[in-house]
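The structure under discussion appears below in the form of structure tokens.
Atoms considered below: every heavy atom in the structure, side chains included; atoms not considered: hydrogens, waters and symmetry mates. Read the numbers this way: they start at 1 and go in the same order the structure lists the ligands and their atoms.
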Amino acid sequence: MNFRERYQEFFSQLDSEHFDEERFVPAVGSEDADYMLVGEAPGANEVEEGEPFVGRAGKKLDEILHKMDMEREELYITNLVKIRPPDNRDPKKNEISAWNPLLEKEIENVDPELIITLGNFASRELLDTKKGITSLHGRIFTREGQKIMPTFHPAAALYDRSKEPMLEEDLRNAFGREETGQQTLGDL
Ligand code: URA
């Protein structure tokens, strides 16, 4: 069953104004994954390849994951909005609201140990806050029994190099990985 079939009920109810086959990118990864990464919305590269986080931000994310012996395959990777916003603008409030029920369903199905929200948009939406990522990042919040850790969007680390070590540290803590790439004793 592909993503559209899996969530057929949602797609059949989604207002056509919020859907465009040509700009749609489904989530990727196993529903048994322990970690769920939530980005903002796909970009041009993602649309081309039909997969989230495969462009420049995705390469940065892969590079950081690689440093801690973590592979994309171990994660469920999704976006707040599954349609690429025109001209790479930020997703609008009504787009986020239209796609939110799908994200909630994904969370219910994957039921990950930890949700990692990447950047302001996903973090503010899932934590229902107006606070910025700089003050939220790296902390673990619980929402209806579900743990959520906000961190910087990998694209932000591309524009501002000072964010990269913080993103890396947050992810390392989230996955319980030591500098060596080994798992911490507590995880054994
Ligand atoms: N940025 C996102 O937020 N999501 C993607 O899938 C790619 C870039």
Side-chain angles (χ1 to χ4, degrees), residues 2-4 6-7 10-11 14 18-31 33 35-66 70-107 109-110 112 114-127 129 131-134 136-138 148-161 163-164 166-168 170-171 174:
N2 70 23
F3 190 78
R4 288 271 288 283
R6 176 89 171 97
Y7 294 101
F10 168 82
F11 284 101
L14 178 66
H18 293 297
F19 191 73
D20 180 351
E21 190 81 56
E22 308 280 293
R23 292 184 288 125
F24 170 69
V25 178
V28 69
S30 161
E31 292 205 343
Y35 302 99
M36 179 172 185
L37 263 58
V38 185
E40 190 176 305
N45 293 296
E46 285 72 27
V47 170
E48 201 167 300
E49 295 193 33
E51 187 172 325
F53 286 101
V54 291
R56 281 186 68 219
K59 300 271 176 292
K60 176 53 73 186
L61 178 64
D62 286 349
E63 185 190 310
I64 296 172
L65 291 174
H66 185 72
M70 201 70 193
E71 300 293 334
R72 282 171 80 89
E73 289 66 32
E74 297 176 65
L75 311 166
Y76 181 94
I77 308 178
T78 194
N79 278 307
L80 195 53
V81 170
K82 269 95 172 157
I83 295 284
R84 177 192 177 204
D87 307 319
N88 289 334
R89 62 158 170 72
D90 289 340
K92 292 183 180 167
K93 261 203 174 113
N94 66 336
E95 292 165 340
I96 295 173
S97 306
W99 286 94
N100 177 284
L102 175 56
L103 183 61
E104 294 295 344
K105 276 262 164 247
E106 292 174 88
I107 293 173
N109 286 337
V110 179
L114 181 66
I115 299 173
I116 299 164
T117 50
L118 301 170
N120 272 321
F121 282 87
S123 304
R124 286 178 172 155
E125 180 67 12
L126 284 186
L127 294 173
T129 180
K131 288 202 175 127
I133 197 67
T134 308
L136 298 172
H137 85 97
I148 302 178
M149 189 203 75
T151 189
F152 296 99
H153 193 288
L158 286 172
Y159 297 118
D160 175 357
R161 299 284 305 272
K163 302 236 162 73
E164 185 171 339
M166 294 188 269
L167 169 59
E168 185 176 329
D170 289 349
L171 291 177

Worksheet, complete the sentence: Exactly one of Glu106, Arg6, Met36 clears side-chain contact (heavy atoms from CB on, under 4.5 Å) with Glu31, and that residue is Arg6
Worksheet item: Taking only residues two or more places apart in sequence or in another chain, which ones pass salt bridge (charged side-chain N to carboxylate O under 4.0 Å, His left out) with Glu49?
Response: none
Worksheet entry | Residue of the set Lys105, Glu125, Glu95 for which side-chain contact (heavy atoms from CB on, under 4.5 Å) holds with Asn100 | Glu125
Worksheet entry | Heavy-atom donor-acceptor pair, Glu164 side chain to Arg161 backbone, under 3.5 Å | no
Discussion item. Determine whether Arg4 and Glu21 satisfy the following criterion, salt bridge (Lys or Arg N to Asp or Glu O under 4.0 Å), listing intermediate values before the conclusion.
Written reply: CA-CA 11 Å; Arg4 288 271 288 283; Glu21 190 81 56; 3.1 Å; yes
Worksheet entry | Heavy-atom pair of closest approach, residues Arg23 and Pro42 | O-CG, 4.3 Å
Practice prompt. Could you name the protein residues that come within less than 4.0 Å of ligand 1, counting only heavy atoms, and order them by chain and residue number?
Written response: Gly39, Glu40, Ala41, Pro42, Glu46, Pro52, Phe53, Asn79, His153
